[in-house]
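Before any comments, here is the structure.
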Amino acid sequence: MTKDNTTTINNPQRRDSSSKLIFGDNILCSQFLRNYADMEILRRIQPEDIEDVSERYVPLYSTERESDTVKRVNIGRYMPSCEDENSLELPLYIVSLVEHKTKVEYNVAMQILRYMIYIWEDYEKEMNRKYPHISTRKGFRYPPILPIVYYEGKGSWTAPTDLADRIFCKELLGDYLPHFRYQMVGLHEHSNEELLEKGDEISLAMLINKIECVEDMEALTSLPDERVEEILRDTPEYLLDIMGKLLRALLYSMNLEEDETENAVSKIKERKMGRLFENVTFDFQEEKRKAREQARREGLEEGREEGRKEGREEGRKEGREEGRKEGIEEAQKELSITRRIAKMAKQYSAEEIQEDIMQLFGISRDQAEEEYRKVFGD
């Protein structure tokens with residue numbers, strides 16, 4: 001507790017926990033796939049068509065990947081019958097792999113490929129257990145996997161979406177390289193008005209999840225109250241609870257006092273999301289100042305890192321130049337020693353020659369013997 005009997009809580013893992021709350025629910029996930037996944041077959045997907053199988057696959061990776069979700073989406077009833085394509089009558093479903101990112105990660109295509117290979121291998125083992133040796137038959141097919149990267153960062157996603165773009169000289173092998181694309185859904189590519197137009201709970205959850213600063217809070221409160229509350233009219237109680245958890249984590253991470261946080265969360269449970277912050281005495285100017293200060297510190301650190309990189313590169317250049325000079329000097333010295341040995345060879349013994357070059361060139365006896373052997377051998 002602070003001196004004025006208020007509690008401030010900071011949750012650095014808010015983004016990961018928020019993503020897990022959103023995609024862990026089948027209603028929200030079905031709305032996301034219908035509205036944001038660019039797949040026609042998913043336009044009519046319902047919550048009952050979705051099975052969460054994340055626990056089966058995600059533990060293969062480190063705890064950093066716990067916010068990722070893997071869904072088995074049954075598309076059988078939306079597919080036209082096609083006996084030739086599914087002669088073995090295997091279950092028809094799409095595996096939706098949602099990879100959650102808060103910043104650009106350039107190796108995400110390879111991360112997703114590892115996921116996909118593991119899922120297909122697991123499917124093959126499962127089918128072979130149910131139907132022995134079925135994977136060796138002509139009609140066996142693997143399930144389609146829809147890889148989605150859900151990106152919450154405000155900056156542009158600059159990582160390649162095609163795996164082949166991560167391979168040197170890809171044009172040399174062309175079609176013989178593995179080509180696949182993941183779908184990138186950027187949270188901040190959709191304006192608040194566009195999200196509100198969708199008219200469903202996933203879009204309200206995304207509106208909450210977009211909040212990163214005071215300006216985002218102000219933008220949310222400026223949305224038409226009646227539009228927001230219309231969406232919440234028929235929302236199940238447990239979904240209201242999920243959105244309340246999202247908002248609570250957000251406000252705690254912004255160090256809002258506990259009583260004001262709970263007052264805002266209660267507005268969601270009362271289906272009055274349009275009035276979330278009406279009783280919140282939030283110091284917008286102070287938060288703006290803190291945001292500017294944080295941005296300044298981050299900019300300083302980025303500048304220092306760039307300076308360190310430039311310094312290292314400058315050091316490498318100087319090192320290469322010094323090494324080049326030293327190499328030239330050593331080669332010239334060795335040539336001078338060789339010439340001296342050859343010049344003295346007709347008049348002096350080996351011992352006398354070695355003594356001479358030791359004194360003239362400042363080298364040790366072992367070095368002198370080595371230089372003599374280079375000219376005359378053993």
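Distance check: I45 CD1 to I75 CD1 gives 7.5 Å after rounding to the nearest 0.5 Å. If you take CD1 on I22 and CZ on F32, they are separated by 9.0 Å, rounding to the nearest 0.5 Å. Annotation: the span from I112 atom CD1 to T161 atom OG1 amounts to 10.0 Å, rounded to 0.5 Å. Atoms CG and CG, on L187 and L195 in that order, are 7.0 Å from each other to the nearest 0.5 Å. Distance CD1/I145 to CE/M116: 4.5 Å, rounded to 0.5 Å. Rounding to the nearest 0.5 angstrom, the gap separating the CZ atom in R137 from the CE atom in M127 is 13.0 Å.
A donor-acceptor pair shorter than 3.5 Å can be found between the side chains of T235 and E201. No side-chain donor-acceptor contact under 3.5 Å links N26 and D52.
The two residues V104 and S156 come nearest to each other via the heavy atoms CG2-O, 3.5 Å. The two atoms that bring Q183 and A37 nearest to each other are OE1-CA, 3.3 Å, heavy atoms only. Closest approach of G199 and I231 over heavy atoms only: CA-CD1, 3.6 Å. Contact detail for I202 and Q31: the closest heavy-atom pair is N-OE1, 2.8 Å. Between A205 and L246 the shortest heavy-atom distance is CB-CD1, 3.8 Å. The minimum heavy-atom distance between P178 and L163, with the atom names listed, is CG-CD2, 3.9 Å.
Residues L172 and I167 do not share a hydrophobic cluster, defined by chaining ILVMFWY side chains whose heavy atoms lie under 4.5 Å apart. Y176 and F180 fall into different hydrophobic clusters, defined by Ile, Leu, Val, Met, Phe, Trp and Tyr side-chain heavy atoms under 4.5 Å apart, directly or through other members. No chain of hydrophobic side-chain contacts below 4.5 Å, direct or via other Ile, Leu, Val, Met, Phe, Trp or Tyr residues, connects L113 to L173.
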Residues K71, V53; criterion side chain to side chain contact (heavy atoms under 4.5 Å, CB included); working and verdict: CA-CA 6 Å; K71 301 287 187 180; V53 291; 5.9 Å; no
Side chain to side chain contact (heavy atoms under 4.5 Å, CB included) between I119 and Y142, worked out: CA-CA 10 Å; I119 290 170; Y142 294 91; over 6 Å; no
Stepwise side chain to side chain contact (heavy atoms under 4.5 Å, CB included) check, H179 with L177: CA-CA 6 Å; H179 288 265; L177 286 177; 4.1 Å; yes
Worked check of side chain to side chain contact (heavy atoms under 4.5 Å, CB included) between R340 and F361: CA-CA 10 Å; R340 181 70 177 179; F361 296 100; 4.2 Å; yes
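Legend: salt bridge (charged side-chain N to carboxylate O under 4.0 Å, His left out) pairs involving residues 358-370, not counting sequence neighbours, sorted by first then second residue: E355-R365, E370-R373. Within the structure, the salt bridge (charged side-chain N to carboxylate O under 4.0 Å, His left out) test picks out the following pairs touching residues 168-193 (sequence neighbours left out): D165-K170.
Without hydrogens or angle criteria, D25 side chain to L28 main chain gives a donor-acceptor distance under 3.5 Å. Proximity of a side-chain donor or acceptor of Y151 to a complementary backbone N or O of G155 within less than 3.5 Å is detected. Remark: the backbone N or O of R34 is paired with a side-chain donor or acceptor of R43 at under 3.5 angstrom. Looking only at distances, no side-chain donor or acceptor of W157 sits under 3.5 Å from a matching main-chain atom of G186. Distance alone, capped at 3.5 Å, is enough to place a donor-acceptor pair between the E194 side chain and the S191 backbone.
Residues S54 and F23 have side chains not in contact (no heavy-atom distance under 4.5 Å, counting atoms from C-beta outward). Using a 4.5 Å heavy-atom cutoff, the side chains of S364 and M358 are not in contact. In this structure, the side chains of M184 and I148 stay at 4.5 Å or more apart for every pair of heavy atoms. In this structure, D122 and R56 have side chains that are in contact, with non-hydrogen atoms separated by less than 4.5 Å. Here the side chains of Y182 and V108 are in contact, with some heavy-atom distance below 4.5 Å. For the pair K210/H188, a side-chain contact is recorded, criterion being any heavy-atom separation below 4.5 Å from C-beta on. Contact annotation: the side chain of Q46 approaches that of Y78 to within less than 4.5 Å [non-hydrogen atoms, C-beta and beyond]. Side-chain atoms of R72 and I50, non-hydrogen and from C-beta on, never get closer than 4.5 Å to each other.
Judged as a side-chain hydrogen bond (donor to acceptor under 3.5 Å, both in side chains), and not counting sequence neighbours, the contacts of E352 are S349. Taking K103 as the reference, nothing meets the salt bridge (Lys or Arg N to Asp or Glu O under 4.0 Å) condition, with sequence neighbours excluded. Every salt bridge (Lys or Arg N to Asp or Glu O under 4.0 Å) that R227 has, sequence neighbours left out, goes to E197.
In the displayed structure, Y348 atom OH is contacted under 6.0 Å by at most 12 heavy atoms of other residues, nucleotides or ligands. Within 6.0 Å of NZ on K154 lie more than 12 heavy atoms contributed by other residues, nucleotides or ligands. Other residues, nucleotides and ligands contribute only 12 or fewer heavy atoms inside 6.0 Å of the CZ atom of R339.
Looking at K269 and E237, no side-chain N of the basic residue comes within less than 4.0 Å of a carboxylate O on the acidic one, giving no salt bridge. A salt bridge links K130 with E126: the closest approach of a Lys/Arg side-chain nitrogen to an acidic carboxylate oxygen falls below 4.0 angstrom.
Checked against the 6.0 Å centroid threshold, H190 and Y36 count as a close aromatic pair.
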May I have the list of side-chain donor-acceptor pairs in residues 329-336 shorter than 3.5 Å, sequence neighbours left out?
{"residue": "E334", "atom": "OE2", "partner": "K374", "partner atom": "NZ", "Å": "3.1"}
{"residue": "S336", "atom": "OG", "partner": "Q332", "partner atom": "O", "Å": "3.0"}

